[in-house]
Every structure is written in structure tokens, then in C-alpha cells.
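Everything below concerns the one structure shown next.
No experiment lies behind these values; they were computed from the predicted model shown.
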Amino acid sequence: MPPSVSGPYIEYMLRIFGVGSTWTFSRTAGLAGLGFAILITSINAFLVPAGLPHTGAESNDVVQFFTTQQNTVGLASALAPIAWVLATLFGAGAVSALWRSDREQGTAWSLVGFAGVILQNITFTGVMATRLALASTTAQDSSTIAGLWALHDALFIFNGTFLALAMTGLSISGRHAGLIHRWHSGIGLLAAALQFGSAVLSPLVIDDPGPVGLLGLVGWLIWVVWIVAYSMTLIRLTSVAHPGDTESPTHRSGEPFQSVQRQTDLPEGQRRHPAQQRVEPPESAQA
């Protein structure tokens with residue numbers, strides 16, 4: 001085989017079998033998203049059974065919890081920074097998979113979603129900071145505890161705004177790109193509406209949670225399901241751009257792909273994510 005042919009041919013065969021590209025950023029981001037979902041569920045599994053007061057709880061309940069559960073609060077606070085790093089990786093991975101589609105369609109929904117992820121990290125930093133402050137405050141200082149808990153409740157509820165942004169942006173972008181299914185996008189938008197509704201009704205939630213408080217809880221539970229499903233999608237998305245690729249990425253599924261038509265020219269139901277488009281092997285590899 002001539003040297004001019006052997007190089008591209010070997011590279012092409014390596015691409016088909018996935019040699020040298022078995023660990024993509026999308027897979028890293030997907031695993032980070034799963035880790036995030038597991039971590040935030042675990043943190044709540046620590047705090048709720050221990051008696052974490054609900055939004056709008058009485059000061060006596062708040063004092064009782066934060067003066068007797070300092071170790072539990074400390075453990076949850078130690079895990080929180082890991083969760084924020086994982087959430088950032090997940091959001092960045094989603095943008096990397098969706099940005100090309102957004103540019104072709106002249107939108108930036110994936111960036112809206114990523115902004116929501118970053119802002120919820122920042123807001124929940126405030127939530128965890130107030131919990132640490134409450135655990136460090138003496139029981140005699142009840143006025144300080146009441147003020148810190150009111151701040152905690154406000155931050156906690158307003159965080160729903162940014163969860164809503166994250167799910168709205170990534171759901172719309174993912175659906176337009178053909179990356180996620182209609183049901184997945186649907187539950188993301190439903191959870192976003194519930195979270196945003198809870199944030200808008202924050203004065204009612206703080207004063208008397210009742211049925212209104214369930215909006216945020218149901219939205220949060222759907223958020224966990226949504227992010228797990230999105231993470232699994234990113235893990236399965238194993239396309240990776242290689243030097244010399246100018247149009248379509250390579251997919252490591254074991255068969256070559258070829259792009260026949262621009263996705264923007266197809267009806268929405270027929271569009272496929274770029275990772276599902278076929279690409280022709282180099283001409284030299286066909287020789």
C-alpha cells in the first residue's frame with residue numbers, strides 16, 4: 001500500500017473501531033451529570049431524615065435542627081462543591097453537543113441552559129452558606145437564626161428560576177438538534193414551569209407552603225429524572241471531531257456514516273443529531 005494511502009486509511013479504520021477516541025468529552029459530561037444527580041439526591045437523603053426544616057418552618061424547629069445536626073450539615077456542605085463542579089461539566093458537555101446545531105439555526109438555547117446551570121450553582125452556594133452559618137450560630141441568638149433562615153428560604157425558592165432556565169434552554173436546544181426525545185423535552189419544560197411558578201409565588205411559599213410548596217418539590221423531582229436521562233444521552237453520544245473534519249463529526253458506532261442533506265433543510269421530525277449523520281471516508285481511504 002503506498003505511503004500516501006496508508007496513513008489516511010489507517011486513521012479512518014482507527015476511527016471506525018474507536019481506537020484513540022474511546023473517552024469523549026460528552027461521555028465525561030454525561031458521567032458528571034449522573035454524579036451530580038446521585039450527589040444531590042444523597043445530600044437530601046442525609047438532611048431530610050435528619051429533620052431539615054421545610055420552607056417557612058418555625059424558628060424553634062430551625063434552632064432544634066441546626067444545634068443538634070451540625071455534623072450532618074457539615075457533611076452535606078462538604079459534598080456540595082463537588083456537585084457544583086459536576087453540574088458545570090454536565091452543562092458544558094451539553095453545550096458542546098448542541099452548539100453546532102444552535103449556530104446552524106441561528107439560536108443560542110444551549111447557552112441559555114448553561115447560564116441556568118451556572119446561576120443555580122451560584123444561588124445554591126448561598127443556600128449552603130446560610131446552612132453552615134446557621135449550624136455555627138448559638139441557640140441563644142434566636143433573632144440571628146430567624147434572619148438567616150428567612151434568607152435561606154428566599155434563596156432556596158428563587159433557585160427554581162435558574163433550574164427553570166437550565167431545563168428550558170437545554171430541552172429546546174436538545175429537541176431542535178434531535179439529541180433528545182419529545183417526551184424528554186416535554187418533562188423538562190413541565191418541570192421548568194413548576195420551578196418557575198414556585199419562584200414567582202415565593203411570598204406565598206415562605207408564608208404558608210401548603211399546596212403551593214408542592215410545585216417546587218414536584219418540579220425538583222422531575223428535574224432529577226430529566227438530568228439523569230440527559231446524562232445517559234450524552235454518555236451514548238460518542239461522536240468526536242478529528243483534525244481535518246470540516247463538516248460532520250465521526251461516530252464510533254462501528255460503521256461509516258455519510259451526510260446527504262443539511263439537517264436544517266429537513267422537517268423537524270426527520271432531523272438527526274450530527275452524531276447520527278453519515279460521513280464519507282477520505283477519498284484516499286476508498287482507493
Side-chain angles (χ1 to χ4, degrees), residues 11-12 15 18 21 23-33 36 86-122 161-189 191-192 196 226-227 229-253 256-282:
E11 181 183 356
Y12 173 66
R15 292 184 194 180
S21 60
W23 199 265
T24 63
F25 184 67
S26 65
R27 179 172 296 177
T28 299
L31 290 174
F36 173 73
L86 295 177
T88 302
L89 285 173
F90 164 77
V95 171
S96 71
L98 298 170
W99 181 236
R100 179 179 176 183
S101 172
D102 278 356
R103 288 183 59 189
E104 288 180 349
Q105 299 180 53
T107 65
W109 282 111
S110 63
L111 292 183
V112 172
F114 188 51
V117 171
I118 297 301
L119 289 170
Q120 80 88 29
N121 280 353
I122 295 171
T161 305
F162 308 120
L163 293 181
L165 270 180
M167 287 184 284
T168 298
L170 295 181
S171 293
I172 293 176
S173 180
R175 182 58 190 159
H176 286 173
L179 178 64
I180 62 175
H181 297 290
R182 187 181 300 276
W183 68 264
H184 191 180
S185 175
I187 66 170
L189 295 177
F196 189 73
W226 177 88
I227 199 170
Y230 220 117
S231 299
M232 295 300 297
T233 299
L234 291 176
I235 290 173
R236 291 193 298 265
L237 180 64
T238 53
S239 67
V240 58
H242 292 271
D245 288 347
T246 57
E247 293 296 331
S248 300
T250 301
H251 190 275
R252 297 190 300 100
S253 63
F257 291 80
Q258 60 182 350
S259 178
V260 179
Q261 187 176 10
R262 286 180 58 86
Q263 296 299 296
T264 52
D265 296 333
L266 294 173
E268 181 179 343
Q270 298 179 20
R271 294 177 187 171
R272 294 178 297 177
H273 188 266
Q276 299 172 319
Q277 300 176 34
R278 298 178 179 272
V279 293
E280 294 285 358

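With values rounded to the nearest 0.5 angstrom, S173 atom OG is found 7.5 Å from Q105 atom CD. In this structure, CD1 in I227 is found 13.5 Å from CE in M232, a value given to the nearest 0.5 Å. In this structure, H176 NE2 and S101 OG are separated by 8.5 Å, a value rounded to the nearest 0.5 Å. Interatomic distance, S96 OG to L98 CG, rounded to the nearest 0.5 Å: 8.0 Å.
T168 approaches L189 most closely through the heavy-atom pair CA-CD2, 4.0 Å. Pairing each heavy atom of W226 with each of G188, the nearest pair is CD1-CA, 3.4 Å. Considering all non-hydrogen atoms of both residues, Q120 and L163 come closest at OE1-CD2, 3.8 Å. G174 and Y230 get closest at one heavy-atom pair: CA-OH, 3.6 Å. Between A29 and L234, the shortest heavy-atom distance links the atoms CB-CD1, 4.2 Å. Listed here is the closest heavy atom pair of R182 and R175: NH2-NH2, 3.1 Å.
Side-chain contact check for T24 versus L237: every heavy-atom pair is 4.5 Å or farther apart. Side-chain contact between F36 and S231 is absent, with no heavy atoms from C-beta onward closer than 4.5 Å.
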N/O donor-acceptor pairs under 3.5 Å from side chains in residues 86-93, not counting sequence neighbours:
{"unit_1": "T88", "atom_1": "OG1", "unit_2": "W84", "atom_2": "O", "d": "2.9"}
{"unit_1": "T88", "atom_1": "OG1", "unit_2": "N121", "atom_2": "ND2", "d": "3.0"}

Show me the donor-acceptor pairs, under 3.5 Å and distance only, between side chains in residues 107-117 and residues at least two apart or in other chains.
{"unit_1": "T107", "atom_1": "OG1", "unit_2": "D102", "atom_2": "OD1", "d": "3.4"}
{"unit_1": "S110", "atom_1": "OG", "unit_2": "D102", "atom_2": "OD2", "d": "2.7"}

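At most 12 non-hydrogen atoms from other residues, nucleotides or ligands lie less than 6.0 angstrom from CZ of F196.
Judged by distance alone, with hydrogens and angles left aside, the side-chain atoms of T233 form a donor-acceptor pair with the main-chain N or O of A229 at under 3.5 Å.
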